[in-house]
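Chain letters run A, B, ... following the sequence lines, proteins first, then strands; residues in each count from 1.
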2 protein chains.
Amino acid sequence: MAAAESSYKDKKVITIGIVRELTGLSERQIRYYEERKLIFPDRTPGGSRKYSFSDIELLMEIANKIEDGVQTYEIRQEMIREKRAMDKKTHHKMIQGQLNAQFGIQKR
Amino acid sequence: MAAAESSYKDKKVITIGIVRELTGLSERQIRYYEERKLIFPDRTPGGSRKYSFSDIELLMEIANKIEDGVQTYEIRQEMIREKRAMDKKTHHKMIQGQLNAQFGIQKR
DNA sequence: CGTGTAAGGAATTCTGACACG
DNA sequence: CGTGTAAGGAATTCTGACACG
């Protein structure tokens, strides 16, 4: 029972130049969204940023919202809210899993 | 009806340094396997190599065979044979698809 | 606030070659 | 044959700052 599935989608292996190509954003923009805590790349030992495909998708969503006039701060609040909802769901599933493990199938 | 599905797995977006980390191979080895036509990375406009997750898996298979004493030339022959088998299967499916499109479900 | 840019430096990658075997 | 390495150069990335607004 591991912690997180490590699929291709979430492996941080893409450098910023490729992200620029894939998203059409400038490196300045990409780094700025990190500064505003919207995105969290890993780093190589040398300090170069590494992104995942998920990060790229997220960046494009962010870019869309910015175009719509949403500020980075608001986007961040949204993301925090979404994360909380997710955690709640995950917690619920986990509790269900524990009950299940102890008492067997309880549903129905 | 497009030509090839472009999933994350086959997108060539990973630079050689990351590939080195992920495979444990040296850059020398990775480049050499390309020289021997076992692997075909894309290039950035500047000339840097870009690999996919599939490439990484392939590299690890290659490394295993090399360790077992298989020569690059033999590995290449194997790969060509496998590709031919694949193409044959794909061709068969395509023909079936065309028949299907013209005459409807023919099986059974 | 979000983004462009010039600046200087450091990390990354490239190729061709010599070496060993 | 497969791989290590030193060499020199070019492409890539990094940070902090100034600018505009």
Novice: Whole Å only: how far is the CD1 atom of A:I62 from the P atom of C:dT3?
Specialist: 11 Å
Novice: Distance from A:I56 atom CD1 to A:I14 atom CD1, nearest 0.5 Å?
Specialist: 3.5 Å
Novice: Measuring from atom CD1 of B:I62 to atom CG of B:L38, what distance do you get when rounded to the nearest 0.5 angstrom?
Specialist: 4.5 Å
Novice: Tell me which of A:Y51 and B:I66 sits closer to the 5' end of DNA chain D, going by the nucleotide each one is nearest to.
Specialist: B:I66
Novice: Could you tell me the separation between the CD1 atom of B:I30 and the C1' atom of C:dT13, rounded to a whole number of Å?
Specialist: 12 Å
Novice: Mind calculating the distance between CD (A:E27) and C1' (C:dT5) to the nearest angstrom?
Specialist: 13 Å
Novice: Among D:dC14, C:dC14, D:dC18, which is the nearest nucleotide to the side chain of A:S48?
Specialist: D:dC14
Novice: Would you mind telling me which residue lines up with the more 5' stretch of DNA chain C, A:Q71 or A:G46, judged by nearest nucleotide?
Specialist: A:Q71
Novice: Using a cut-off of less than 4.0 Å, is there contact between a side-chain N or O of A:T15 and OP1 or OP2 of D:dT12?
Specialist: no
Novice: Atom NZ of A:K12 to atom C1' of D:dT13: distance rounded to whole Å?
Specialist: 18 Å
Novice: With a 3.5 angstrom cut-off on both distances, give the Watson-Crick or G-U wobble partner of C:dT15, or none if there isn't one.
Specialist: D:dA7
Novice: Does the structure show a Watson-Crick or G-U wobble partner for D:dG2, both distances under 3.5 Å? Name it, or say none.
Specialist: C:dC20
Novice: Would you kindly check whether a donor in the side chain of B:R49 faces an acceptor in the base of C:dT13, or vice versa, at under 3.5 angstrom?
Specialist: no
Novice: If the threshold is 4.0 Å, N to carboxylate O, is there a salt bridge linking B:E57 and B:K9?
Specialist: yes
Novice: Before we go on, tell me: are the rings of B:Y8 and A:F53 under 6.0 Å apart, centre to centre?
Specialist: yes
Novice: I need the CD1-P distance between B:I75 and D:dG2, as an integer number of Å.
Specialist: 8 Å
Novice: Between C:dG2 atom C1' and A:E34 atom CD, what is the distance in whole Å?
Specialist: 16 Å
Novice: On DNA chain C, nearest-nucleotide positions of A:V70 versus A:T44: which is more 5'?
Specialist: A:V70
Novice: Supply the atom-to-atom distance B:K88 NZ to B:M86 CE, rounded to the nearest 0.5 angstrom.
Specialist: 14.0 Å
Novice: Could you state the CZ-P distance from B:R20 to D:dT3, rounded to the nearest angstrom?
Specialist: 16 Å
Novice: What is the distance from CD of B:Q29 to P of C:dT13, rounded to the nearest Å?
Specialist: 16 Å
Novice: If we count only N and O atoms by modelled type, under 3.5 Å, do the side chains of A:S52 and A:D55 hold a donor and an acceptor together?
Specialist: yes
Novice: Hey, is the side chain of B:Y33 poking within less than 4.0 Å of OP1 or OP2 on D:dT3, counting only N and O atoms?
Specialist: yes
Novice: Counting only side-chain nitrogens and oxygens, does A:R43 get under 4.0 Å of the OP1 or OP2 atom of D:dT15?
Specialist: yes
Novice: From D:dT12, C:dT15, C:dT3, pick the nucleotide closest to the side chain of B:R31?
Specialist: C:dT15
Novice: Of the nucleotides C:dT13, C:dT12, D:dT3, which has the atom closest to the B:R28 side chain?
Specialist: D:dT3
Novice: Less than 4.0 angstrom between a side-chain N/O of A:Y32 and OP1 or OP2 of C:dT3, yes or no?
Specialist: no
